[in-house]
Amino acid sequence: MAALSNQEVARAFSEMAELLAIRGGDPHRARAFHRVARVIVNLPESVDRMLRYGTLQKTPGIGEGTMHRVKQILRRGTFDDLEALRAQLPAGLRELVKLKGLGPRTVRQLYQRFRVTTVEQLEQAARSGLLAQLPRFGVDRIHAVLREIEAFKNRFGKAPLVEALRTVETIAGELREAGAVEVSPGGSLRRHKAMIGDLDVLAAADDPRPVVERFRSMGGVAREHSSGSAEASVRLESGQQADLWVFPLENWGAGLHAFSGSKEHVRALRARARRFGLHVSEHGVSTRADGRRVNPGRLEEEIFAAVNLPFIVPELRESLGEMEAAEAGRLPELVRAEDLRGDLHLHTSASDGSGTAREMARAAIELGYEYLAVTDHSQSLTVANGLDERRLAAQRDELRRLEAELGRLQLLAGCEVDVLADGTLDLEPSALRRLDWVVASVHEHFDMDAEEMTARVVRALETGYVDCLGHPTGRRLGRRDPYPIDLERVFDVARRLGVAVEANGDPYRMDLDDAGCRMAREWRVPVVIDTDSHSPAHLRRREFALASARRGWLEKHHVLNTRPVAELRDFRAGRLRREGLVVTVPSRTVLVETREEAPAAVRGELVDALRASPLADELRERLRVYLESGEDAELDAALRELASNPVQVAFNLLMAS
DNA sequence: GCCGTTTTCGGCCCGACTGTTTTCAGTCG
């Protein structure tokens, strides 16, 4: 049996947390389980592997109790005290807590007094008047429960980031008209999560009343949920909930911070403030001793500065190590749109795109790109008018002509070749080796288990012709779950062969996701940030790939298409050479070793790590891989600083440790 | 359950709103 995924392991801890909250007792214990679940979902490697390598217990938030439970879960899929709690409380109660207005305490009472365990039973209890017997349950509250049950029944669920951003943009326009001087998305939307539940909108205004009033009465509002003097909550016709908070401009930064979340990040920052004798809220910073306000928080930077931290961008605010990194001065310099030199996955009207190669190229030039890979579908994807070898050859000639004509953009003749069900590629080697860039993707036959799917993708990579694995999990946001696949095994092979993985900017894919990007970073697999464009306008969708990449802590040097085109060609040629595949070098291309030296600072750190004793586990593994494959320019450079023969040094270090 | 500038026990973010009650518990973000 394949090892359980991090998501599956985390699910057990989430369930434990929810059941504990319902059972009652120390609420901090329940929260601790929630925290553990989050930490596990976001681990950079599989929990199974980290357990075996001893890195799990070093992870902040993972204590002895969790170690013990993880071992049980990996063995039997569950752990003892979860089973005990399941025996006490029916599963349906967890569903009930998800209804707005019902918390764990109310649900507990419902169960203890009336044995209510499902939404249907709750509805009955509300209609029969049973609920009125509970303390603090009046007629209004019962009606609120019934309305919420109605909303629950036809809840549309979460919206992909792209849709949520569009909705908030419309709302922002309304609020500005009503006098808001600043408007910003808040919550998970500002942190650029892939799927957005509630839409959070933040605004600054001298007088909040007209802004709140406009929010409640604007078009698209189905029902008002609640409102106050400077906040309001509505249900939109789309089924989504939208929440507004309005602050005075002098507290704008404090408000932004408080309502951008994540809850865990905000909580951690406030706990830190407490240690400084300070009190942080949306009203600014004050002293705990006498409540004197020391900073209203006009700018968000001031909130961080108050607790002696540099500004942390919203994408990182997940309480997954950003506070510690900020404290140590090691916040990542996240990759930005302006770092990208080209796009390596797009379609033209030759297959299922709507723009010609020329139109796509012009759009790329407008974005300031240096290169573009045209990667139409391959032949077996007939629904997308996929290209066969003959048509690909004709397209390559066309691209050469176009490149000469435009003069400002290098055009790579590529293909998004299908990974067939048996893991072979949908084009013959004769066609594959004449291409400049090959993206391999799974488009059909998703009904495989993780073992089969992983073997299929690995086989495709091992042909040696693949430069980048396209949308590695196949998810479609809100439509199709990712197919089961062991990403670690895929990354392991990708690193060994020198294959990149894609962070896809299709806003309904965003695949890899943030955790996947972080995992790629950990496995030192280069990531390509591209768009899978099907029209010229789509090239701007890089923002969605960037969202995943930035949330995954990726920096410029982790991303392949921040490099000059010569390095991309080198990346491909190097692998083809190593794999013993015939390399045809286009006469105009000079393969020069232009690989940038690792930045001196990074190399210095690495040299220090190599001098440390004992060597870190991760570094030992890296040395092993280096000795096997001879690859790892960064490590190589660091080793050369220790002695002239890097291989000998690596060998000695491994032997000595 | 986890953690440590109050460090192996005691504390764990904070404010606003709702519905109810008449001073506050529960919920939410």
Side-chain angles (χ1 to χ4, degrees), chain A residues 13 16-17 20-22 24-39 57 59-70 79 81-82 97-110 131-132 134-145 148 186-191 197-202 208 212 224-233 241-247 251 254-255 257-286 288 291 303 307-308 319 323-324 327:
Chain A
F13 285 95
M16 183 74 188
L20 271 178
I22 295 169
D26 181 5
H28 298 109
R29 190 157 174 259
R31 183 170 295 149
F33 275 101
H34 268 303
R35 217 165 32 225
V36 167
R38 273 172 33 81
V39 167
Q57 60 200 25
T59 307
I62 306 285
E64 234 174 277
T66 300
M67 291 294 293
H68 178 67
R69 291 183 177 86
V70 163
F79 53 90
D81 33 7
L82 175 59
V97 179
K98 296 198 179 97
L99 296 177
K100 285 208 188 300
L102 293 193
R105 286 163 188 272
T106 311
V107 168
R108 176 166 74 240
Q109 282 202 323
L110 284 166
L131 278 195
L134 287 180
R136 312 183 83 89
F137 254 96
V139 95
D140 285 357
R141 190 142 179 229
I142 289 171
H143 279 138
V145 167
E148 173 56 20
S188 54
L189 192 56
R190 182 154 181 254
R191 302 199 310 280
D198 296 348
L199 299 176
D200 295 322
V201 187
L202 314 178
V212 171
E224 189 176 332
H225 210 268
S226 65
S227 70
S229 56
E231 59 189 77
S233 174
Q241 179 173 318
D243 298 331
L244 169 72
W245 288 271
V246 189
F247 327 104
N251 304 131
H257 184 264
F259 294 102
S260 291
S262 65
K263 281 194 199 86
E264 290 77 8
H265 166 88
V266 172
R267 190 179 291 134
L269 183 131
R270 289 175 178 178
R272 182 181 168 87
R274 177 179 271 266
R275 294 200 292 276
F276 282 78
L278 296 173
H279 180 98
V280 170
S281 77
E282 64 267 38
H283 305 301
V285 184
S286 53
R288 298 196 78 81
I303 302 300
V307 293
N308 205 16
S319 201
M323 303 280 278
E324 295 79 359
E327 166 111 59

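Note that these values count all heavy atoms, side chains included, but never hydrogens, waters or copies made by symmetry. Chain A is the first sequence line, chain B the second, and so forth, proteins listed ahead of strands; every chain is numbered from 1.
One C1' atom belongs to B:dT18, the other to B:dG10, and the distance between them is 33 Å to the nearest Å. As rounded to the nearest Å, B:dT6 and B:dC2 have P atoms that lie 23 Å from one another. With P as the reference atom, B:dT5 and B:dG1 are 22 Å apart, rounded to whole Å. Taking atom C1' in both B:dC14 and B:dG4, one finds a spacing of 22 Å when rounded to whole Å. B:dT7 and B:dT22: their P atoms are spaced 43 Å apart (whole Å). When the P atom is compared between B:dT8 and B:dC3, the two are found 15 Å apart, to the nearest whole Å. A distance of about 14 Å separates the P atoms of B:dT20 and B:dT27, rounded to the whole Å.
Note: CD (A:Glu231) to P (B:dG15) measures 13 Å, nearest angstrom. Here B:dT6 presents its P atom at 12 Å from CZ of A:Arg274, a figure rounded to the nearest Å. A:Phe247 has its CZ atom 14 Å from the P atom of B:dG15, to the nearest Å. When rounded to the nearest whole Å, the span between NE2 of A:His279 and C1' of B:dG15 equals 8 Å. Remark: P of B:dC13 and CD of A:Glu264 are 11 Å apart, rounded to the nearest angstrom. For the pair A:Arg275 CZ and B:dG4 P, the computed distance is 8 Å after rounding to whole Å. Rounded to an integer number of Å, the gap from A:Arg272 CZ to B:dC12 P is 17 Å. One can place CD1 of A:Ile62 at 8 Å from P of B:dC2, the figure rounded to the nearest angstrom.
Using a 4.0 Å heavy-atom cutoff across all strands shown, A:Arg288 reaches sugar-phosphate atoms only and no base atom.
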Carefully, step by step, assess A:Val39 and A:Thr66 under the rule side-chain contact (heavy atoms from CB on, under 4.5 Å).
CA-CA 11 Å; A:Val39 167; A:Thr66 300; over 6 Å; no
Set out, in order, the CA-CA distance, both residues' side-chain angles and the distance that settles side-chain contact (heavy atoms from CB on, under 4.5 Å) for A:Glu231 and A:Val212, then state yes or no.
CA-CA 6 Å; A:Glu231 59 189 77; A:Val212 171; 6.0 Å; no
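Shown here, B:dA16 forms a base pair with B:dT27; the pair counts as Watson-Crick or G-U wobble because both key distances fall under 3.5 Å.
Where A:His28 and A:Thr59 each meet DNA chain B at their nearest nucleotide, the meeting point lying more 5' is that of A:Thr59.
Under the 3.5 Å distance criterion, the side-chain polar atoms of A:Glu148 are matched with a main-chain donor or acceptor of A:Lys100. Of the possible donor and acceptor atoms, none in the side chain of A:Arg108 sits under 3.5 Å from a partner among the backbone N and O of A:Pro104. Side-chain atoms of A:Ser262 come within 3.5 Å of backbone N or O of A:His265 as a donor-acceptor pair.
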Can I get a per-line list of side-chain donor-acceptor pairs under 3.5 Å for residues 269-280 of chain A, giving both atom names and the distance, sequence neighbours left out?
residue  : atom : partner  : partner atom : Å
A:Arg270 : NE   : A:Val280 : O            : 3.1
A:Arg272 : NE   : A:Val307 : O            : 2.8
A:Arg272 : NH1  : A:Glu327 : OE1          : 2.7
A:Arg272 : NH2  : A:Val307 : O            : 3.0

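Between A:His34 and B:dG1 there is no side-chain N or O to OP1 or OP2 distance below 4.0 Å. Taking only side-chain nitrogens and oxygens, A:Thr66 comes nearer than 4.0 Å to OP1 or OP2 of B:dC2. Regarding contacts with the backbone of B:dC17, a side-chain N or O of A:Ser229 is found under 4.0 angstrom from either OP1 or OP2. Here A:His283 reaches the OP1 or OP2 of B:dA16: one of its side-chain N or O atoms lies under 4.0 Å away.
Every residue was checked against the salt bridge (charged side-chain N to carboxylate O under 4.0 Å, His left out) condition with A:Asp243, not counting sequence neighbours, and none meets it.
Salt bridge A:Glu264/A:Arg35: absent, no basic N to carboxylate O contact under 4.0 Å.
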Heavy atoms under 4.0 Å is the rule here; annotate nucleotides 19-29 of chain B 5' to 3' with B where the base is hit, S where only the sugar-phosphate is, and - elsewhere.
BS---BSSSSB
